[in-house]
Protein chains: 2
Amino acid sequence: MPAGASGLSRPEGGPAATARHAVTAEEVARRAGVSQSAVSRAFTPGASVAPRTREKVLAAARELGYRPNAMARTLITNRSRIIGVVMAYLDNMIYPDVLEKLAAGLQRRGYQMLLFTGFKDRHSDPVFEQVMQYRVDGLLLASTTLSSDLSDECTAAGVPVVMFNRMTEHPLCSSVTSDNRNGGRQIAEFLVAGGHRRFAYIAGAAISSTNRDREAGFREGLSRHGFSQIGYAEGNLELGDTRTAARGLFAADEPPDAVFVGSDHMALAVMEVARHEFGLRVPEDVSIVGYDDVGAADWPSFSLTSFSLPVEPMVDAAVELMMEQIESSSILSHHRVVPGCLAVRGSARLPGGPVRDRDGTLIWAPGGME
Amino acid sequence: MPAGASGLSRPEGGPAATARHAVTAEEVARRAGVSQSAVSRAFTPGASVAPRTREKVLAAARELGYRPNAMARTLITNRSRIIGVVMAYLDNMIYPDVLEKLAAGLQRRGYQMLLFTGFKDRHSDPVFEQVMQYRVDGLLLASTTLSSDLSDECTAAGVPVVMFNRMTEHPLCSSVTSDNRNGGRQIAEFLVAGGHRRFAYIAGAAISSTNRDREAGFREGLSRHGFSQIGYAEGNLELGDTRTAARGLFAADEPPDAVFVGSDHMALAVMEVARHEFGLRVPEDVSIVGYDDVGAADWPSFSLTSFSLPVEPMVDAAVELMMEQIESSSILSHHRVVPGCLAVRGSARLPGGPVRDRDGTLIWAPGGME
DNA sequence: GTTTTTTTTGCATGCGTATGCAATTTCTCG
DNA sequence: CGAGAAATTGCATACGCATGCAAAAAAAAC
């Protein structure tokens, strides 16, 4: 067998001289026999140009391969049409989904996305400096928060901030979340109705509002039925930590018979530990419920009962909130809470209650819950 | 129970007047009692400024909250320090990973990332127009190809193009791939050595070079042992299509006892179908091997044997290739092929051969293969 | 202290576009 | 056909910064 070309770099063909001289509006103007202003106007929707002139300009532009320089435009209009998106990590499978939908949503409105990610461990402040230099029209934060000072700086600079899936106390940040509290509560009701007695909660990022609300809702729902003592561990949105957390709970004297895990990303890991390390049957021995309803939750191997994060409406809301503020050039601070519903599958024992079918997904809708 | 605030938007606090007047170098200069040039130089590493002056400037800048305007700088330097990244979809779990590592790599070198994604169905050409208007210094394409015309346009504009995980015939695009052909070949050898007789291949995007090479390598490896007739179906990188493909194969008169699926993303779906729809045991009834070695492949539920896509070195190579071209302002067209190795787990029957442990992962390294 | 060398500074200009304004053209209508 | 209204066009300027060049200041050499 030939050794193969593995690891080798095989250059083919020499470098091409690169003119690098981008075509300017000036040149197009000369070619079309008009002024530079005319060229500008031909590319500005709604500007005052005679149709015939516009045609001439567009033709010349096409011939020369002209493309307006967005940077130069930004300098004048003071609008970059770029949104800075900060997403510290993408492990949780909802984030790629969010990213795709977000990109599509922004694109549709003529905005681009400057993405900052891949700094899970490092701090996000240096990143912030970079974002701001590019004069983004808005800042969208997911899976991160901004220190209060930085939020102030944004406000001072007139850059609206929208937090996704997180809330903040800062008076001038907007946010979009799912109804975490209600979700936690519904899960509690569901599990209680399913006849469980020993509950546990595995937290995500303990400091995040999202985690706090889910936990609070869960505890609230449980205590309404007299369950106030529950197992607790922290997974930190990290698979390693999550497994450790799960092991701790399952190895206890009185292991839980129902575990609510703060996000599917972790819940799947918990299920793996339960089954393959402790030989537990799900849901016969232990019920596991997650939050987010990621794609894999629906796979037969997992069939994870999970509270659906309404990604699409959340993204829409976030984009709307952003546009609203950009267009009105004023910082608004609205908090949008999008309702979700419990996708009932096989990882938790079913209560007798009202499980309905909606678009092929079972959801649970007890009276007065919704 | 209260109806809850679901779906409601609750404004808090009025809008804040937004000055929106960003601080300019001019203002900093006045405050520091120097010229605007001095300010510029204070922020340019290696520029000619007295330390004392620089201090004064930085102090004034800090007081005023000055941040250099990257757009204005771009206009002069003709360098945006932005790389356009086009990633049509993020379903395949390696892409979020790539994105994170890429962002980190670019960030480290002072580059930002303008991301275009979420247009799986739509064509990527309109997106292209947008990217180019922002005068990106380079273009990185993953999970997409560029039409030949567009490649030409990039070259004409002096914008280097690096394809990630895809190759192209175009003479002036660089590319970074794993050694797909060798990977396919190794998998064939591995499965043959494991005693399988009836092989099948499930393709990803049939037109992509990556898929072609994996398939070619697989067929090549098999035919070397006299197996030239194999099952074939197309998953199109789509879970729905993949399931259909798998059903077709497993329902055949002579179902395969070894399936190589073009990517883990699809392989996991195939495994689900095998187990839960056909009641097949993996690997007793059928062996399944994937490519990419995504995170989930290692979960006990799947324990998917898979050829590891060397994401980190690939990203490094891509970034290097990009930087090299940007810094030399010349389009190079290098093709970098990064070697990988087979991560041996439980989804395929083991051959007697030389399975070694490396960093906790079993790999298979028959003589002369590497 | 003077001359030479080196470092630092400010001036002026230009990057590519958008836009207010005035000049010009075209259109409308009597 | 002419006056007025409306539409179109070009001119000039500004956006915020980097940079070549010459002037000024500081340092070094004598």
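FYI, side chains are in, hydrogens and waters are out, and symmetry mates aren't considered; it's all heavy atoms of this structure. Everything quoted here is computed from the prediction, not taken from an experiment. Convention: sequence-line order gives letters A, B, ...; per-chain numbering from 1.
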Between atom [atom1] in [X] and atom [atom2] in [N], what is the gap in whole Å?
X       : N      : atom1 : atom2 : answer
B/Arg52 : C/dT9  : CZ    : C1'   : 13 Å
B/Gln36 : D/dC17 : CD    : C1'   : 6 Å
B/Asn69 : D/dA14 : CG    : P     : 18 Å
A/Arg81 : C/dT17 : CZ    : P     : 17 Å
A/Phe43 : C/dT19 : CZ    : P     : 15 Å
A/Met71 : D/dA18 : CE    : C1'   : 16 Å
B/Lys56 : C/dT9  : NZ    : C1'   : 11 Å
B/Arg79 : C/dC15 : CZ    : P     : 17 Å

Once you apply a heavy-atom cut-off of 4.0 Å, does B/Ser37 come out as touching a base, just sugar-phosphate, or nothing?
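The residue B/Ser37 makes base contact.
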Please examine the side chains of [Y] and [X], heavy atoms only from C-beta on, and report whether any two atoms are closer than 4.5 Å.
X        : Y        : result
A/Asp137 : A/Val159 : no
B/Arg30  : B/Gln36  : no
B/Phe164 : B/Leu140 : yes

Establish, with yes or no, whether the OP1 or OP2 oxygen of [N] is under 4.0 angstrom from a side-chain nitrogen or oxygen of [X].
X       : N      : answer
B/Tyr66 : D/dC17 : yes
A/Thr24 : C/dG16 : no
B/Arg73 : D/dA18 : yes

If you check every side-chain atom of A/Ser35, which of D/dT8, C/dT8, D/dG10 has the closest atom?
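Of D/dT8, C/dT8, D/dG10, D/dG10 is nearest to the side chain of A/Ser35.
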Of all the heavy-atom pairs spanning A/Arg135 and A/Ser80, show the shortest one and how long it is.
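Taking every non-hydrogen atom into account, O-OG, 2.8 Å.
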When the nearest nucleotide of DNA chain C is assigned to B/Ala50 and to B/Ile76 on a heavy-atom basis, which residue is associated with the more 5' position?
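It is B/Ala50 whose nearest nucleotide is closer to the 5' end.
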Return the 5'-most residue of the pair B/Ser48, A/Val39 with respect to DNA chain C, ranking by each residue's nearest nucleotide.
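Here B/Ser48 is the residue nearer the 5' end.
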Quick check on DNA chain D: between B/Leu75 and B/Ala38, whose nearest nucleotide comes earlier from the 5' end?
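On the 5' side of the pair lies B/Leu75.
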Quick check: B/Phe43 with B/Tyr66 (ring centres under 6.0 Å apart)?
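Ring centres of B/Phe43 and B/Tyr66 closer than 6.0 Å.
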So for A/Arg41 and D/dG10, does any side-chain atom that can act as donor or acceptor lie under 3.5 Å from a complementary atom in the base?
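Flag set: donor-acceptor pair detected.
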